[in-house]
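Given the structure is predicted, the values throughout are model-derived calculations rather than measurements. Quick note on labels: first sequence line is chain A, next is B, and so on, each numbered from 1.
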Amino acid sequence: MNLFADIRALVLTSLDALVADGVLPDGLSRQAIAVEPPRDAAHGDMATNAAMVLAKPAKMNPRAIAEALAAKLADDPRIGSAEVAGPGFLNMRIETGVWAGVLKAALTDAGFGRSSLGQGKKLMVEYVSANPTGPLHVGHTRGAVFGDALASLLEFASYDVTREYYINDGGAQVDVLARSVYLRYLEAHGQDVAFEDGTYPGDYLIPVGKALKDKVGDAYLDKGEQFWLQEVREFATAAMMDLIRADLAAVGIRMDNFYSEKSLYGTGRIEDAIQTLDQKGLIYQGTLEPPKGKLPEDWEPREQTLFKSTAYGDDVDRPVKKSDGAWTYFAPDIAYHYDKVERGFDELIDVFGADHGGYVKRMKAAVAALSDEKVPLDIKLAQLVKLYKNGEPFKMSKRAGTFITLRDLVDQVGSDVTRFHMLTRKNDAPLDFDFDKVTEQSKDNPVFYVQYAHARINSVLRKAGVDVSDATLAAADLGTLTHAAELKVAKTIAEWPRLVEIAAKGHEPHRIAFYLYDLASDFHALWNRGNEDVSLRFLQEGDNATTQAKIALIRAVQVVLAQGLGILGVTPAEEMR
RNA sequence: GGUCCGUUAGCUCAGCUGGAUAGAGCGCUGCCCUCCGAAGGCAGAGGCCAGAGGUUCGAAUCCUCUACGGACCGCCA
């Protein structure tokens, strides 16, 4: 149940009644009518802007509409009062019994909080998609966690979600990987090797070189690239993908599918995709203008095969073939997205790293062209993560092989902390990650604060001494929950379904994290009230009925916390240690 | 030169897609532990929402310009 949606529906039927009464003209758009919690709790529980939205098209005074609407609304048993305020706001107070209904729904309705927004539509979230050349590092981790939480959020909102990883195993970087592994292979045979520019010096390739030796023995020794490059490339890529899969598992990520770029080559898929664009008149031979501002030193104009992405909002047309006739990296990406469209996805989401910002417009243009603008593609950029230790910035150097990996994070602070913290910021804002602060066990640390709330509720349940099954709690008389601090908690719970919908619509999982913090905060506040006011303690000795009502309230909090943490991929702690 | 993102309290950040007197944490000030868990709690001070125009009943939110910070910008992925 979504109380805000219910009340909005009530507002709409009340408007129908006003139309029937001849008070309001018919046929007005109701799109913009919203029912929201007012900023200031003194204004009531819910507010609607209906009168102000309708005033202009109806050519009526907003306050007059509001007055008429208020009279209709007041007839509903759920509405305690409806008052006109300001320029035409309508503030409503909800009968306290309604909140009890929300709590019961949270306890007994497995679908509580879920949204029907997605209506079972097929949606793909493509995320991580890191080059298969090494372990995942911090930057990847943010995109991975973000994409995963977004996918879970959309599942919770009734989308049929596929999580997919695009393996860039077709380009030159895989040759570099193969050569680097070959060096480690030689090393495993006791040779001295030097890692020059254009090779990957990281230690993580040592075991891969050994494994290669175990597999092929000395077969590749003293042989030219033509004898081993292809085999080593495949061997190395497979090894890297195993590594990456394990990295992902360490933060609780399981992909539904891994899609290989290489699998597109030699199958005619790329040609098909480009031809599809060509048939729409979007492919031509041409020469690009040099980029303005800083001029590349070796710039010379060359004729290339270009995609007319400017027809779909890009700034310049983009090459799909190099001047030597080979595909650019963009071409297989077009084919890959064409494949997504052909697989029947209704919506697509790509999660990219911040360094791919310049890539967004052309990819959107390609998908728009390939799907005749029928399949929306949203591209979310995961901004940079700045690492700190003891408040000091942490320098990473990829060249020296001293970059911080996903494993470093998980080993030091754990998966839960890593995930939650990375989701406490909008994806498009840079994120600070301080190794010391994120593991601090105090209120300053949202991860701890939210998990602590969950664990604290567990502690009460253990000590309750009454039947605390959800069915029993839901059947309890919740009419005894009348204190403002208790109702505050119930109201926050009532906002949960609405928040899920907002977060899902905006593809913004960070809203879940902030909501959970607010809910935990309301709960902790209520708990602390019990320190001064004995009647607010959850366990009322000798009064099982009241105890059960209070426990119903906090158990509902726990249910929502668990749902929310589940979306974020964070374990709800049973107890704190 | 262009594109994208950002700019909100001393600091770190939210702000529900245009609503009422802009919120939270930290820090600061003042109170509060015999009490279901004080690894805190309650209250208070603190704002020209970067700046200037515009759109309208109404703007932190939408549009234009400017300033500052970051990312990116042909045959690398």
Side-chain angles (χ1 to χ4, degrees), chain A residues 4 32 34 36-40 42-43 47 49 52-53 55-56 62 85-89 91 131 133 168 170-174 176 261 287-296 298-302 304 306 314-316 318-319 321-326 328-330 332-333 353-361 381 383-384 424-430 432 434 437 440-446 448-449 452 455-456 459-460 463-464 495 498-499 501-503 505-506 508 510-511 513-515 517-518 521 524-525 527-532 534 536-541 547 550 575-576:
Chain A
F4 289 87
E36 308 175 315
R39 273 216 180 109
D40 188 343
H43 290 137
N49 60 357
M52 284 179 290
V53 170
K56 197 170 187 184
F89 280 103
N91 294 327
N131 287 343
T133 54
N168 287 109
Q173 79 282 3
V174 189
V176 174
E261 175 194 355
T287 307
L288 287 174
E289 295 288 313
K292 289 173 183 164
K294 61 158 196 181
L295 286 165
D298 57 345
W299 172 269
E300 41 183 292
R302 287 182 185 160
Q304 296 175 288
L306 300 171
D314 203 355
D315 309 307
V316 290
R318 305 290 177 176
K321 268 189 184 176
K322 303 175 196 171
S323 51
D324 65 3
T328 62
Y329 57 89
F330 187 34
D333 285 355
D355 53 343
H356 283 59
Y359 204 54
V360 170
K361 282 189 177 180
L381 298 179
Q383 273 295 340
L384 300 178
T424 53
R425 193 106 319 159
K426 287 181 292 199
N427 60 289
D428 46 13
D432 291 347
D434 189 312
K437 278 190 187 162
E440 199 173 289
Q441 301 213 332
S442 76
K443 192 184 170 180
D444 313 357
N445 185 352
F448 169 78
Y449 199 60
Y452 184 33
R456 236 180 178 181
S459 157
V460 176
K463 292 180 183 171
E495 283 188 44
R498 181 170 175 273
L499 184 105
E501 198 150 308
I502 290 165
K505 255 183 208 163
E508 296 172 325
H510 75 276
R511 288 186 190 274
F514 281 96
Y515 170 84
Y517 183 81
D518 285 344
S521 175
H524 287 306
W527 176 297
N528 290 313
R529 286 292 190 99
N531 290 330
E532 296 152 16
V534 178
L536 286 177
R537 296 187 186 178
F538 305 132
L539 304 183
Q540 297 288 321
E541 214 166 326
T547 298
K550 290 181 186 301
E575 56 184 332
M576 305 302 287

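Straight-line distance between the P atoms of B/G51 and B/C11: roughly 15 Å, to the nearest whole Å. Using P as the reference atom, B/C16 and B/U7 are 12 Å apart when rounded to the nearest Å. Comparing the same atom, P, in B/C63 and in B/A22 gives a spacing of 24 Å after rounding to whole Å. Across the P atoms, B/A43 and B/G23 are found 15 Å apart, a figure rounded to whole Å. As rounded to the nearest Å, B/G54 and B/G70 have C1' atoms that lie 28 Å from one another. The same atom, P, is picked in B/A14 and in B/A77; the two are 35 Å apart, to the nearest Å. For B/A45 and B/A9, the C1' atoms lie 11 Å apart once the distance is rounded to whole Å. B/G30 sits 27 Å from B/C35 when the P atoms are compared, rounded to a whole Å.
Pairing of B/C33, defined by two Watson-Crick or G-U wobble distances under 3.5 Å, is not identified with any nucleotide. For B/A22, there is no paired nucleotide, since no Watson-Crick or G-U wobble pair has both relevant distances below 3.5 Å. The partner of B/A14, taking Watson-Crick or G-U wobble pairs whose two distances both stay under 3.5 Å, does not exist in any strand shown. Shown here, B/C48 forms no base pair; nothing in the strands shown gives a Watson-Crick or G-U wobble contact with both key distances under 3.5 Å. Searching all strands for a Watson-Crick or G-U wobble partner of B/U61 with both distances below 3.5 Å returns nothing. Pair assignment for B/A67: B/U7, on the basis of Watson-Crick or G-U wobble contacts that are both within less than 3.5 Å. Of the nucleotides present, B/G2 is the one that pairs with B/C72 by Watson-Crick or G-U wobble criteria, both distances under 3.5 Å.
In this structure, A/Phe89 packs face-to-face on the six-membered ring of B/A20, meeting both the 5.5 Å centre cutoff and the 30° plane limit.
For A/Gly170 and A/Arg498, each mapped to the nucleotide of RNA chain B holding its nearest heavy atom, the one lying further toward the 5' end belongs to A/Arg498. When each of A/Pro319 and A/Lys463 is assigned the nucleotide of RNA chain B bearing its nearest heavy atom, the one mapping closer to the 5' terminus is A/Lys463.
Here A/Arg425 reaches the OP1 or OP2 of B/C13: one of its side-chain N or O atoms lies under 4.0 Å away. Residue A/Lys56 has no polar side-chain atom (N or O) positioned under 4.0 Å from OP1 or OP2 of B/U56. A sub-4.0 Å separation between OP1 or OP2 of B/G15 and a side-chain N or O of A/His510 is present. For the pair A/Arg511 and B/U17, the criterion of a side-chain N or O lying under 4.0 Å from OP1 or OP2 is not met. Residue A/Tyr329 has a polar side-chain atom (N or O) positioned under 4.0 Å from OP1 or OP2 of B/C75. Phosphate contact (OP1/OP2 of B/C26, side-chain N/O of A/Lys437, threshold under 4.0 Å): absent. Side-chain nitrogen and oxygen atoms of A/Trp527 include none within less than 4.0 Å of the OP1 or OP2 phosphate oxygen of B/G40. In this structure, A/Lys361 reaches the B/C4 phosphate: one of its side-chain N or O atoms is under 4.0 Å from OP1 or OP2.
When all heavy atoms of A/Asn91 and A/Ala85 are compared, the pair lying nearest together is ND2-CB, 3.4 Å.
With rounding to whole Å, A/Phe4 atom CZ is found 10 Å from B/C16 atom C1'. Atom pair A/Glu36:CD and B/G18:C1' shows a separation of 10 Å (rounding to whole Å applied). Note: CG (A/Asp518) to C1' (B/C16) measures 11 Å, nearest angstrom. Going from atom OH of A/Tyr449 over to atom P of B/A24 covers 13 Å, rounded to whole Å. For the pair A/Leu381 CG and B/A71 C1', the computed distance is 9 Å after rounding to whole Å. Nucleotide B/G2 holds its C1' atom 12 Å from the CG atom of A/Asp314, rounded to whole Å. With rounding to whole Å, A/Arg302 atom CZ is found 11 Å from B/C75 atom P. Rounded to a whole Å, the NZ atom of A/Lys550 is 12 Å from the C1' atom of B/C36.
A/Asn91 comes within contact range of at least one nucleobase, with a heavy-atom separation under 4.0 Å. Within 4.0 Å of A/Gly506, counting heavy atoms only, lies at least one base atom of the nucleic acid. Here A/Asn528 lies in heavy-atom contact (under 4.0 Å) with sugar-phosphate atoms only. Within the nucleic acid shown, A/Glu541 has no heavy atom closer than 4.0 Å to any nucleic acid atom. The residue A/Arg537 sits close to a base: some heavy atom pair falls under 4.0 Å. Residue-level contact check: A/Arg318 touches neither bases nor backbone, having no heavy atom under 4.0 Å from any strand. The residue A/Lys426 sits close only to the backbone: its heavy atoms come under 4.0 Å of sugar-phosphate atoms, none of a base. Here A/Ala85 lies in heavy-atom contact (under 4.0 Å) with a base.
With its glycosidic angle more than 90° from 0, B/U66 adopts the anti conformation. In this entry the base of B/C33 is syn relative to its sugar, with a glycosidic angle within 90° of 0.
In this structure, of B/C13, B/G40, B/G70, it is B/C13 that holds the atom nearest to the side chain of A/Phe514. The side chain of A/Ala47 approaches B/A20 more closely than any other nucleotide in the set B/A20, B/A77, B/G15. Listed nucleotides B/G70, B/G74, B/U3 differ in distance to A/Gln304; the shortest reach to its side chain belongs to B/G74. Taking the side chain of A/His43 as heavy atoms from C-beta on, and the options B/A20, B/C36, B/C13, the nearest nucleotide is B/A20. Set against B/A38, B/G74, B/C36, the side chain of A/Leu288 has B/G74 as its closest nucleotide. Residue A/Gln173 has its side chain nearest to B/A77 when only B/A77, B/U12, B/G74 are considered. Listed candidates were B/U12, B/C76, B/G40. Nearest to the side chain of A/Asp432 is B/U12. The A/Leu384 side chain lies nearest to B/G70 when the options are B/G70, B/G74, B/G41.
Distance alone, capped at 3.5 Å, places no donor-acceptor pair between the A/Asp314 side chain and the A/Lys361 backbone. The backbone N or O of A/Tyr449 sits less than 3.5 Å from a side-chain atom of A/His524, completing a donor-acceptor pair. The backbone N or O of A/Arg302 lies less than 3.5 Å from no partner atom in the side chain of A/Ser323, so there is not a single donor-acceptor pair. Checking side-chain atoms of A/Gln540 against main-chain N and O of A/Val534 turns up a donor-acceptor pair under 3.5 Å. With hydrogens and angles disregarded, a donor-acceptor distance shorter than 3.5 Å links the side chain of A/Asn427 to the backbone of A/Leu381.
At a threshold of 4.5 Å between non-hydrogen side-chain atoms, the residues A/Tyr517 and A/Thr424 do not count as touching. Between A/Asn131 and A/Asn168 the shortest side-chain heavy-atom distance falls below 4.5 Å. By the 4.5 Å heavy-atom criterion applied to side chains, A/Glu261 and A/Tyr329 are not counted as neighbours.
A perpendicular orientation is assigned to the rings of A/His356 and A/Tyr359, their planes being inclined by more than 60° (bins at 30° and 60°).
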